[in-house]
**Student:** 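Before I ask anything, here is the structure I am working with.
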Amino acid sequence: MQYQRILEPIVTMVATLATMMQQDITPESAGTKATDKDLVTKADRAVELLLRKQLASAFPDYEFYGEETGGAKPGKAGRKRRGLNQYTWVVDPIDGTLSYVMHQPFWCVSVGLWCNGQPVAGCICAPVLKETYYAEKGEGAFCNGERIHVCPHGKLKDSVLSTGFSCLRAGWKEVDNLKYFCELSRLCRGVRRFGSAALDISYVASGRLDGFWELNLQPYDIGAAWLVLAEAGGVVTDLHGKTDFPKEGILVAPPDLHAELLTHFKGYRRPKN
Ligand code: 2AM
Ligand code: CA
C-alpha cells in the first residue's frame with residue numbers, strides 16, 4: 001500500500017491530540033457555526049491545522065480541502081484550468097463533533113485522498129473505540145489491520161440500518177429525513193443513530209450495520225469512508241441510484257439490500273432551500 005506508512009501514523013497522531021484536548025471541552029465551551037445546532041470546538045481547528053501541516057510536508061504538491069479551513073473542492077471540474085493538482089486530501093478533523101463535545105464514543109478523525117474526484121486512500125481513526133479503518137484503491141479495506149467485508153445477507157426485514165439528521169441541523173423546511181426514518185424503522189430490524197457519518201459507513205463496511213442513508217452530507221463527511229466501504233464490497237449511490245452523492249443524498253449498503261432500499265427513496269427531491 002502506497003500511502004499507509006505515512007497516512008496512518010499522521011491520522012493516529014492527530015487523533016491523540018483531539019483526545020488530549022477533549023479533557024477541557026464541554027458543551028458550554030463549544031462555539032456554533034451556521035446554526036445553534038452546528039457546534040465547533042478549538043480542537044476541530046487545531047486538528048485540521050496540524051493535518052494540513054503534516055500532509056503538506058509529506059506531499060507538498062497535493063491540494064487540501066477541510067471542513068474548517070476550506071480549500072480547493074475535490075471534484076474533477078476545472079482542476080486543470082485552475083492549475084490544481086489532481087490529488088486532494090479530503091478532511092473532516094472531527095466527524096461527530098456533538099458526540100465529541102458530549103464525551104460519547106462515536107467520533108473520529110477522517111482523512112481521504114481523492115484523485116480527480118475519485119477516492120484513492122482513506123483513513124478513519126476513532127480513538128475511544130480504539131479502531132482505525134484503512135483502505136487503498138484495489139487493496140481491500142481493514143479495521144486495525146484485519147480485513148473487513150460488508151454483511152452478506154440482503155433483506156430489509158432482517159437488516160439494521162443507521163442514518164443521521166444533518167438536514168434538521170441545516171434547517172431544511174420542505175423535506176426532512178424523519179419521513180424516511182419512520183417508514184424504514186417499521187420495515188427493518190432496527191435503526192441506530194451514532195452521529196458520525198464516517199463511522200456509520202465504516203460500520204456498514206465491517207458488517208456491524210447493514211445500511212446507511214443521509215440526505216445532507218458534504219464531501220468531507222465521506223472523504224475516507226467512501227473507499228473503505230467500496231473496498232469492503234459495499235455499494236454507494238445517491239438517493240436516485242446515481243453518482244451525485246452526497247449532494248443528492250447518499251445510500252450505502254451491500255448490493256442486494258441497496259437495490260431494495262433504493263425503492264423507498266423513489267420521488268425524493270432535494271429541497272431548494
Ligand atoms: P460533523 O460532526 O463533522 O458536523 C451526523 O448526522 C453526521 O452528519 C456527522 O457526520 C456530522 O458531521 C454530519 N453533519 C451534520 N450536519 C451537517 C451539515 N450541515 N453539513 C455537513 N455534515 C453535517
Ligand atoms: Ca466535523
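Counting starts at 1 for both ligands and their atoms, in listed order. Just so it is clear, the values below take in all heavy atoms, side chains as well, and ignore hydrogens, waters and symmetry mates. Positions are given from 1, in the same order as the sequence printed here.
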**Student:** Taking only Lys NZ, Arg NE, NH1 and NH2, and the carboxylate oxygens of Asp or Glu, determine whether Glu68 and Lys33 approach each other closer than 4.0 Å.
**Tutor:**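 A salt bridge is present here (some side-chain N lies under 4.0 Å from a carboxylate O).
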**Student:** Considering the heavy atoms of Ile94, write down every atom of ligand 1 situated less than 4.0 Å from one of them.
**Tutor:**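 Contacts of ligand 1 toward Ile94, numbered from 1: 3 (O).
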**Student:** Can you tell me if Asp92 has an N, O or S atom under 3.0 Å away from the Ca ion (ligand 2)?
**Tutor:** yes
**Student:** Tell me, please: is Lys37 in heavy-atom contact with ligand 1, that is, under 4.0 Å?
**Tutor:**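 No heavy atom of Lys37 comes that close to ligand 1.
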**Student:** Where does Asp221 meet ligand 1, judged by heavy-atom distances below 4.0 Å: at the side chain, the backbone, both, or neither?
**Tutor:**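 Within the 4.0 Å criterion, Asp221 contacts ligand 1 through side-chain atoms alone.
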**Student:** Tell me, please, if Val40 has any N/O/S atom, main chain or side chain, under 3.0 Å from the Ca ion (ligand 2)?
**Tutor:**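 Checking the Ca ion (ligand 2) against Val40, no N, O or S atom falls under 3.0 Å.
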**Student:** Quick check on contacts: which atoms of ligand 1 are under 4.0 angstrom from a heavy atom of Gly164?
**Tutor:** 6 (O)
**Student:** For Arg169 and ligand 1, does the shortest N/O to N/O distance drop below 3.5 Å?
**Tutor:** yes
**Student:** Looking at Thr97, which atoms of ligand 1 are within less than 4.0 Å of one of its heavy atoms?
**Tutor:**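 In order of numbering, the contacting atoms are 2 (O).
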**Student:** Is the closest basic N to carboxylate O distance between Arg208 and Glu131 below 4.0 Å?
**Tutor:**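 Salt bridge: yes.
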**Student:** Identify the closest protein heavy atom to atom 18 (C) of ligand 1: which residue and atom is it, and at what distance?
**Tutor:** Ser166 CB, 4.1 Å
**Student:** How far is atom 5 (C) of ligand 1 from its nearest protein heavy atom, and which residue and atom is that?
**Tutor:** Gly195 O, 3.6 Å
**Student:** Going by the order shown, which atoms of ligand 1 are within less than 4.0 Å of some heavy atom of Gln218?
**Tutor:**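 Every atom of ligand 1 under 4.0 Å from some heavy atom of Gln218: 20 (N), 21 (C).
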**Student:** If you take the nearest heavy atom of each of Asp92, Thr35, Leu217, which one is closest to atom 8 (O) of ligand 1?
**Tutor:**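 Considering heavy atoms of Asp92, Thr35, Leu217, the nearest to atom 8 (O) of ligand 1 sits in Leu217.
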**Student:** Let me check your reading of the structure: within less than 3.0 Å of the Ca ion (ligand 2), is there an N/O/S atom from Asp44?
**Tutor:**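 Coordinating: no.
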**Student:** I'd like to know if Leu98 contacts ligand 1, where contact means a heavy-atom distance under 4.0 Å to any ligand atom.
**Tutor:**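 No, that is not the case, since the closest heavy atom of the residue is not under 4.0 Å from the ligand.
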**Student:** Check whether any N or O atom of Gly96, backbone or side chain, sits under 3.5 Å from an N or O atom of ligand 1, and answer yes or no.
**Tutor:**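 Yes - when backbone and side-chain N and O of Gly96 are compared with those of ligand 1, one distance drops under 3.5 Å.
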**Student:** Give the residue, atom name and distance (to 0.1 Å) of the protein heavy atom nearest atom 19 (N) of ligand 1.
**Tutor:** Asn216 ND2, 4.1 Å
**Student:** If you count the atoms of ligand 1 from 1 in the order shown, which ones are under 4.0 Å from a heavy atom of Phe165?
**Tutor:** 6 (O)
**Student:** Could you tell me the residue and atom name of the protein heavy atom closest to atom 12 (O) of ligand 1, and the distance to it rounded to 0.1 Å?
**Tutor:**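 Answer for atom 12 (O) of ligand 1: Asp95 OD1, 3.0 Å.
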